[in-house]
Amino acid sequence: MKYISTRGQAPALSFEDTMLTGLAGDGGLYVPEEIPMLDVEAIRAMQGQKYEDVAFTVMAPFVGDTFIEAEFRALITKAYHGFDHVARAPLKELDSDLWLLELFHGPTLAFKDFAMQLIGQMFQHVLARRGQRITIVGATSGDTGSAAIEAFKGLDNVDVCILYPHGRVSEVQRRQMTTPDEANVHAIAVDGTFDDCQRHLKDMFADHGFRDDVRLAAVNSINWARVMAQVVYFFTSAVALGAPDRRVSFVVPTGNFGDIFAGFIAREMGLPIDRLVIATNQNDILHRCMQTSRYSKQGVQPSISPSMDIEVSSNFERALFWAHGRDGQVVAGLMDDLMTQGAFSVSGNAMGALADVYDSGMADEATTSAEIGRTLAMTTELVCPHTAVGVHVARGRTGSDPKIVLATAHPAKFPDAVEAATGIRPPLPKRMADLYDRSERVTRVENDLAAIQTLIREKRAE
Ligand SMILES: *Cc1c(COP(=O)(O)O)cnc(C)c1O
């Protein structure tokens, strides 16, 4: 299996190199050259199987010969061992034909653990085999950083440095990043915004001397291996509700488009998915694009669902690539327009291709808060604000197919918003109930690239 860039100008790579590289050299994102199909019998055989076994069937064609079967099965088992629910991604019924797919039973209480835990295992295996040591640097508004730290802490061949905006992440998110005491973990609080952190990260990758010196690697949401790991729970949940003999639709709380694009891959592999529904908060650039064919930046307004507060939805580029008949030159042109004019227009044909797969909906702040309250009153379930955006959009839809809403985080990860909506402060799961008692370890740094680079060199040498 080879991987090619969405902008058509970078060399094709193996799975192993795609995973280690992250972003393609032409600024594009790597995608599989072709998508493997699973036939009806292979999908039916998943009924009643363990999550780990379905995971192997779904992902094996994508990893090619990077791992032999026994190795890959062992990595999958280790990745999901620390989840506190044996089903890994259990389904819960909310209403008739409305289901919640709980993706928050991993170590940091958000769906990012599904991909990050597996990536941690795969990186470790590949680096040990190559005799290499790397430095993973990430910028986070909260969830990705904690998931990366949990996945890479204590691994021999990796240092992990996470930049987050000082004072601008929730207390739970901060403590998840600052309390692990493994020596290879470095939480770095930058006196700036999330956008500053992301800009510094980009500049570090552009600084080839630094990049090669510390052997910089990235695990942000454009890494293909993350999308791949997220394809699995679309299969397990659809099969639990009757696939391949029954169609289902998914409603996906969306920011960077990684999760919902994994649903698209599942659909291309042969899973009978009717609609993939993009659910956005008030930062609704994707919803507006689906309605008007124009993707146009207006600035980000902070919301109670902060992990969806974006206006450059990186993985949407992958969807555009398919919608334009996999023409990298056209995609490169759109991304140029976005950079120079803050907007691009999608052609009629491409919009038609998107509309064949995706619908969209939006929930503003008041609606999201009201939905948390309504869901509690109707079902006794507490949902996080991101999930509530999805539940609201799902309730507004008609049609007889079962609808599955991805529950992307545990309510205790966003206790203030949940308490404001319901009067109930959701408790942390037992296994991390002492999070508020553990001691924190973090280095604060000025909002300056050179200062951050010096710090990373020092931390690495320790
Ligand atoms: C990251 C995240 C999202 C958005 O997912 P994308 O793959 O970026 O679209 C939604 N909810 C939560 C809780 C998240 O952490």
Side-chain angles (χ1 to χ4, degrees), residues 29 89 100-117 119 138-151 164 169-170 172-173 176-177 194 198 219-231 233-234 250-266 276-287 289 300 303-319 358 360-363 368 372 382-393 405-415 417-418 426:
L29 278 60
L100 269 189
L101 177 58
E102 293 186 348
L103 300 176
F104 50 70
H105 293 284
T108 71
L109 309 180
F111 81 84
K112 307 252 181 350
D113 288 324
F114 276 89
M116 212 63 94
Q117 286 291 321
I119 280 205
T140 187
S141 56
D143 289 339
T144 298
S146 49
I149 285 175
E150 274 302 317
Y164 69 85
V169 298
S170 82
V172 174
Q173 289 174 323
Q176 284 181 336
M177 294 189 276
F194 171 58
Q198 255 195 324
V219 292
N220 49 5
S221 77
I222 52 97
N223 195 307
W224 165 257
R226 286 185 58 182
V227 174
M228 176 188 79
Q230 292 165 190
V231 176
Y233 44 70
F234 286 89
F250 287 91
V251 181
V252 186
T254 295
N256 249 331
F257 216 82
D259 225 0
I260 195 164
F261 188 73
F264 171 75
I265 297 291
L276 289 165
V277 184
I278 304 162
T280 74
N281 67 20
Q282 62 189 4
N283 297 296
D284 61 348
I285 190 164
L286 289 164
H287 178 52
C289 179
V300 171
S303 79
I304 55 172
S305 46
S307 304
M308 290 154 48
D309 289 348
I310 55 99
E311 61 175 356
V312 178
S313 183
S314 320
N315 285 291
F316 191 48
E317 180 168 342
R318 289 185 162 118
Y358 303 101
S360 69
M362 187 271 267
T368 305
I372 297 174
L382 275 180
V383 294
C384 94
H386 309 77
T387 305
V389 167
V391 173
H392 173 76
V393 170
V405 178
L406 272 57
T408 51
H410 192 286
K413 202 157 187 183
F414 303 93
V418 174

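Keep in mind that what you see is a predicted model, and the values were worked out from it rather than measured. Counting convention: from 1, in listed order, for ligands and their atoms alike.
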Could you check whether Ser305 and His386, counting side-chain N and O atoms only, form a donor-acceptor pair closer than 3.5 Å?
no

- Heavy-atom check, side chain of Asp143 versus side chain of Lys413, under 4.5 Å: yes

For a 4.5 angstrom cut-off between non-hydrogen side-chain atoms, does Ile372 reach Phe414? no

Under 4.0 Å from ligand 1, residues with heavy atoms, in chain and number order, are Phe111, Lys112, Asp143, Pro253, Thr254, Gly255, Asn256, Phe257, Gly258, Asp259, Ser307, Met308, His386, Thr408, Ala409

**Prompt:** Is the distance between the ring centroids of Tyr358 and Phe316 under 6.0 Å?
**Reply:** no

* Would you mind reporting whether Thr408 and Met308 have side-chain heavy atoms less than 4.5 Å apart? => no

Residues passing the side chain to side chain donor-acceptor pair (under 3.5 Å) test with Arg318, sequence neighbours excluded, are Asn315

